[in-house]
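What follows is a single structure, written as C-alpha cells, with notes after it.
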Amino acid sequence: MHGELLCERGRTVLTVAAAIGFAATAAGEVLSGVRGALLVADLVLGALGCALALLLFRRPVPAAVAQMVLTALVPTATPPASIGVVQIARRGPLAVAVGVATAGVAGHLVRGLWRPTPGLPYQWWVVLVVLGHAALVGGGALAEARRQLILSLTERARRAEAEQGRRIAEGRAAERTRIAREMHDVLAHRLSLLATYAGALEYRPDSSPDRIAQAAGVIRATVHQALNELRDVIALLRDTDEDPEGPLPTLSGLSDLVEESRAVGTPVEVRDGLADPAAVPGTTGRTAYRVLQEALTNARKHAPGSPVRIDLRGAPGERLRIVVSNPVSGGAPGPGGGTGLVGLTERVRLAGGRLDHQAAAGEFRLAAELPWPA
C-alpha cells in the first residue's frame, strides 16, 4: 500500500513538471512569433509528450522513446522528454538510459536542422544538446544511487534496532536464569534442612522436650541463615555497593556444609585429596561449593538417610575434580524434577568446567571438573 502511494505521488509530480515545462515552452514559442499550423502542432504534440509522461511508470522505455521522436518535431516536447530521460536513468540500467538519451540527442539534432534556434549556431546547439542529455543521465543515476543508499541505511538501522532488541531480550532471559540459579542454590539447601527437621518433629511427637527444643533451635537458626543468604544474593544481583553480611561461600566452607548434613542424619564421608582447600581461587571455589551443596541437598531429598561419599582431588595448574556418590533410594523421589542439576550444569560450564551425573548399579554419581589456574 505504501509503495503504491509513493508510485502515485511520483506519477503526479512527473505529470505536473512536464505540464509546467510544456506551458513555459509554448509561451516562449508564442512570444517568438510562432503562429498558425506550426503553433497548433507545437501545442498538440507537446501535450502528447506530457500524456506519455503518465506511461513512464508502466512502460518506461517505449514511452521515453516516443517522447524522443516528438523532440525531432516540436520544441514543446523537450521538457517531458527530458523528464523521461531522468526517469529511465533512475529506474533502468545505465546502458538503457544512455540509449534513450542518444535517441533524444538525435531527435534534437534533427529538429535543429529544420527549426534552428535564432542566434545560436548549429555547432553550439549540438554541444548544448549532448551536454544537456549527459547531465540528465548523470543526474538521474545519481538520484537513484542516493535513493538506494538511503534505503540501505534505513534497512541497516532497522536491522540494528532489531538486533539490539534481541540482545536486550537475551540479556533479560540470562539475568532471569542467573537469579533463578542463585535463588535455588541458596534456598534449596536450607529448605531441605528445614524439611528434615520438621519431618522429625511430625513423626516423633513423643520426643523429649529437650530434643524438641533442640530441633526448634536448629530450625530457627536455619531460617535465619536462609534469610541472610537470600539478602546477600539479592544485594549481589542488584549490583549495588551494599556488601553482603558475610563472605561468599567457597570450598573452605565444606566442613560446615558436611556437618549440617550429618546433623540431620545423613552420613557423609569425605576423601579430601587437596593440600589446602582455601587455596582454590574464588570462582572455582564458589562453583565447587555450589556443586557439593546441590549434591548433598539432592541426597537428602531423594535418598534420605543414605550415606554420601565425597572425593576431592586436584592441584594448581591442573583440574579440580569432585565426585559425589550415594545409593539410589527405592522410595518416591522428592520434588524438584532435576531443575537444580540443569542450572548446576550451566554454572559449571560458565566457569570453564563440565559436569556429568548418572544413576547406575543402584548408585547415583555426580562428577565435576573445574579449572584450577596455577
Side-chain angles (χ1 to χ4, degrees), residues 169-193 195 226 229-230 232-234 236-237 248-254 257-258 260-261 266 268 270-274 277 280-304 306 308-314 318-329 332-373:
E170 290 180 350
R172 288 174 177 170
E175 184 66 13
R176 287 195 295 267
T177 301
R178 187 165 72 100
I179 292 173
R181 185 168 57 240
E182 291 292 338
M183 294 299 184
H184 177 274
D185 290 343
V186 169
L187 294 180
H189 175 67
R190 297 298 174 190
L191 292 180
S192 67
L193 293 175
E229 291 182 356
L230 183 60
D232 295 344
V233 169
I234 292 176
L236 290 174
L237 292 177
L248 293 174
T250 62
L251 199 56
S252 59
L254 175 60
L257 197 62
V258 169
E260 289 176 351
S261 294
T266 300
V268 181
V270 180
R271 298 178 180 177
D272 191 353
L274 305 180
V280 179
T283 301
T284 300
R286 286 193 295 271
T287 305
Y289 181 90
R290 294 304 188 190
V291 169
L292 294 169
Q293 185 182 57
E294 178 67 18
L296 292 173
T297 300
N298 287 338
R300 284 195 300 271
K301 289 196 303 183
H302 302 295
S306 300
V308 179
R309 186 174 66 252
I310 298 175
D311 292 319
L312 296 175
R313 290 181 292 117
E318 300 179 1
R319 306 278 287 183
L320 174 62
R321 293 173 175 83
I322 303 171
V323 178
V324 183
S325 58
N326 60 271
V328 176
S329 173
T339 55
L341 289 176
V342 173
L344 188 64
T345 302
E346 179 66 13
R347 177 190 287 274
V348 172
R349 186 188 67 81
L350 292 176
R354 68 175 187 176
L355 182 140
D356 298 312
H357 54 86
Q358 63 177 349
E363 183 181 64
F364 182 82
R365 185 174 184 272
L366 184 147
E369 289 189 3
L370 293 167
W372 190 346

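Of the possible donor and acceptor atoms, none in the side chain of Thr345 sits under 3.5 Å from a partner among the backbone N and O of Leu355.
Between Pro281 and Pro373, the shortest heavy-atom distance links the atoms CG-CD, 3.9 Å. Residues Ala288 and Ile322 come closest through the heavy atom pair CB-CD1, 3.5 Å. A pairwise comparison of heavy atoms in Val328 and Ala359 identifies CG2-CB, 4.3 Å as the closest pair. Nearest heavy-atom pair, Val280 versus Gly285, reported as atom, atom and distance to 0.1 Å: CG1-N, 3.6 Å. Closest approach of Ala303 to Pro327, counting heavy atoms only: CB-O, 3.5 Å. When all heavy atoms of Trp372 and Gly314 are compared, the closest pair comes out as CZ3-C, 3.5 Å.
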Show the numbers, then the answer: is there a side chain to side chain contact (heavy atoms under 4.5 Å, CB included) between Leu254 and Leu292? CA-CA 8 Å; Leu254 175 60; Leu292 294 169; 3.4 Å; yes

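Atom CG of Asn326 sits about 9.5 Å away from atom CG of Leu366, to the nearest 0.5 Å. The CD atom of Glu294 sits 10.0 Å away from the CZ atom of Arg347 when rounded to the nearest 0.5 Å. Residue Leu251 holds its CG atom at 12.5 Å from CZ of Arg290, rounded to the nearest 0.5 Å. Of the inter-residue distances, the one linking Arg354 atom CZ with Arg319 atom CZ reads 7.5 Å to the nearest 0.5 angstrom. A distance of 7.0 Å separates CZ of Arg365 from CD of Gln358, quoted to the nearest 0.5 Å. Note that CD of Glu318 and CG of Leu370 are 14.0 Å apart. Values are rounded to the nearest 0.5 Å.
Side chains of Arg309 and Asp311 form a contact here, defined as non-hydrogen atoms less than 4.5 Å apart.
Across Ile310, Val268, Val291, Asn298, a single residue satisfies side chain to side chain contact (heavy atoms under 4.5 Å, CB included) together with Val324, and that is Ile310.
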